Amino acid sequence: MAISARSDLAADLRSVVQGEVRFDSYSRALYSQDASIYSMEPAGVVLPKSVEDTQAVLEICNRNGVKVLSRGGGTGLSGQTVQEGAVVIDYTKYMHDVLEINVEEQWVRTQPGITLTELNRQLRPHGLMFTPDPSTASRATVGGAMGNNSCGAHSIIYGKTVDHVLGQDVVLSDGGIANFENVSGAALEAKLRVGGLEGDIYRTVRDVASRAAPLVEANFPKVLRRVGGYNLDLVNEPGGLNLAQLMVGSEGTLAAVTSARLNLVKIPEFSGLAVLHFK
Ligand SMILES: Cc1cc2nc3c(=O)[nH]c(=O)nc-3n(C[C@H](O)[C@H](O)[C@H](O)COP(=O)(O)OP(=O)(O)OC[C@H]3O[C@@H](n4cnc5c(N)ncnc54)[C@H](O)[C@@H]3O)c2cc1C
């Protein structure tokens with residue numbers, strides 16, 4: 001990106017964003033790397049303080065034809081959080097609050113920038129936990145776990161991240177907001193009739209998922225920890241459509257998540273370690 005275009009973009013963003021807009025060479029160098037082997041310099045970085053900040057980034061970048069890349073802890077191994085010329089949105093500094101804990105129904109609503117370890121620290125007094133546990137949990141965020149459909153050692157018992165995401169609040173590519181969760185019946189019919197980008201998404205996803213269903217059934221590997229590709233096998237709930245299931249594992253390519261409602265399980269009363277020796 002030309003230097004003048006970059007400074008115009010930074011000025012546009014600074015005029016509306018309440019959080020930090022960092023387009024200096026030091027910040028661009030910092031965010032040109034993650035845990036992968038790749039190195040690609042972004043146009044700049046935004047640390048949003050709110051949903052409105054995130055909307056502003058998506059809207060301004062969309063208008064200027066600039067790529068946008070959400071980032072959590074940057075511990076993904078495949079270069080998901082580095083991109084040449086993109087504006088990186090880093091949620092870890094300001095958007096990391098737990099918004100609501102429902103102990104009775106066993107769910108939590110949280111912002112995306114909280115680490116998995118910190119989320120579970122806040123849930124512990126309630127005897128509850130969010131189960132995905134990659135070994136990077138002290139740095140990895142809820143946003144990143146959803147982006148990668150993270151697993152971890154205990155996913156054999158509890159399942160993948162996608163099995164525990166109940167809903168998401170997202171910012172779409174045009175800066176509009178939407179709530180994605182399982183919708184069915186009259187609510188789904190209403191979504192399918194809505195105008196604008198959100199309605200287009202519902203209509204397109206239902207069409208693509210229905211047409212792809214036989215291929216998905218025949219070809220998607222039936223293994224416990226399949227996390228590659230879009231979850232076209234899960235999006236069609238019986239009688240409904242759940243776009244949050246499609247978002248999980250989409251590696252930030254579909255929308256920016258600003259909060260999520262997550263299923264929790266009771267912390268086991270006892271835990272132990274068994275070491276098996278093989279001859
Ligand atoms: C040593 C090591 C061990 C690991 N072990 C495991 C393991 O056991 N199991 C496992 O599953 N993974 C593992 N990983 C991979 C990685 O740590 C996890 O997938 C982790 O959950 C990613 O979280 P993060 O916050 O770092 O995500 P990031 O790397 O920052 O992002 C991951 C993806 O999520 C997207 N994203 C982030 N926030 C948002 C948002 N708000 N909205 C939309 N998209 C968003 C990003 O664009 C990106 O595509 C390991 C990595 C390392 C380096």
Side-chain angles (χ1 to χ4, degrees), residues 19 30-38 40 42 45-51 53-55 57-58 61 67-83 86-97 99 109-120 130-165 167-173 177-178 180 224-231 243-244 246-262:
L30 269 184
Y31 284 85
S32 67
Q33 303 208 324
D34 58 9
S36 73
I37 57 169
Y38 303 103
M40 284 180 258
V45 185
V46 175
L47 291 84
K49 284 191 169 168
S50 62
V51 175
D53 275 1
T54 313
Q55 286 184 266
V57 177
L58 272 286
C61 288
K67 294 168 278 192
V68 170
L69 184 58
S70 287
R71 177 169 171 137
T75 68
L77 291 161
S78 317
Q80 299 100 314
T81 56
V82 289
Q83 178 60 259
V87 169
V88 174
I89 310 178
D90 178 352
Y91 306 86
T92 57
K93 185 163 181 187
Y94 299 111
M95 291 183 68
H96 52 63
D97 286 339
L99 303 172
R109 203 159 67 80
T110 179
Q111 291 184 313
I114 191 168
T115 65
L116 299 173
T117 299
E118 175 57 20
L119 174 63
N120 278 321
F130 179 57
T131 62
D133 59 346
S135 55
T136 47
S138 67
R139 299 291 179 278
T141 62
V142 163
M146 292 189 295
N148 283 355
N149 195 5
S150 300
C151 295
H154 295 88
S155 61
I156 307 290
I157 309 171
Y158 296 115
K160 301 169 288 191
T161 298
V162 73
D163 301 312
H164 298 282
V165 175
Q168 292 178 332
D169 292 310
V170 304
V171 178
L172 304 176
S173 59
I177 53 172
F180 290 159
L224 213 51
R225 296 210 284 191
R226 182 188 57 75
V227 297
Y230 294 110
N231 292 324
L243 295 185
L246 189 66
M247 283 290 298
V248 178
S250 65
E251 298 187 350
T253 57
L254 300 179
V257 181
T258 51
S259 69
R261 199 162 69 85
L262 307 170

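Since this is a predicted model, take the numbers as computed values, not measurements. Counting starts at 1 for both ligands and their atoms, following the listed order.
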Review point. Mind checking what residues have non-hydrogen atoms under 4.0 angstrom from ligand 1?
Key: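 Residues Ser70, Arg71, Gly72, Gly73, Gly74, Thr75, Gly76, Leu77, Gln80, Thr81, Tyr91, Pro112, Pro134, Ser135, Thr136, Ala140, Thr141, Gly143, Gly144, Ala145, Gly147, Asn148, Ser150, Cys151, Gly152, Glu251, Gly252, Ala255, Ala256, Val257 each place a heavy atom under 4.0 Å from ligand 1, listed by chain and number.
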Check your understanding: Got a sec, which residues hit side chain to side chain contact (heavy atoms under 4.5 Å, CB included) with His164, two or more places apart in sequence or on another chain?
Key ->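 Side chain to side chain contact (heavy atoms under 4.5 Å, CB included) list for His164, sorted by chain: Phe130, Thr131, Tyr158, Asn263, Val265.
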Point to revise | Set of residues satisfying side chain to side chain contact (heavy atoms under 4.5 Å, CB included) with respect to Arg226, sequence neighbours excluded | key: Phe220, Pro221, Val223, Asn231, Asp233
Review point. Is there a donor-acceptor pair under 3.5 Å between the side chain of Asp169 and the backbone N or O of Ile177?
Key: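 Looks like no, no N/O pair under 3.5 Å.
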Exercise for review: Check whether any side-chain N or O of Thr115 sits under 3.5 Å from a backbone N or O of Glu118 as a donor-acceptor pair, and report yes or no.
Suggested key: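 At least one qualifying donor-acceptor pair exists.
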Without placing hydrogens or testing angles, list every side-chain donor-acceptor pair under 3.5 Å for residues 144-151, not counting sequence neighbours.
from   : atom 1 : to     : atom 2 : distance (Å)
Asn148 : OD1    : Gln80  : NE2    : 3.1
Asn149 : OD1    : Thr161 : N      : 3.3
Asn149 : OD1    : Val162 : N      : 2.9

Review point. So among Val45, Val88, Thr141, Ile89, which one has a side-chain contact (heavy atoms from CB on, under 4.5 Å) with Arg71?
Key: Val88
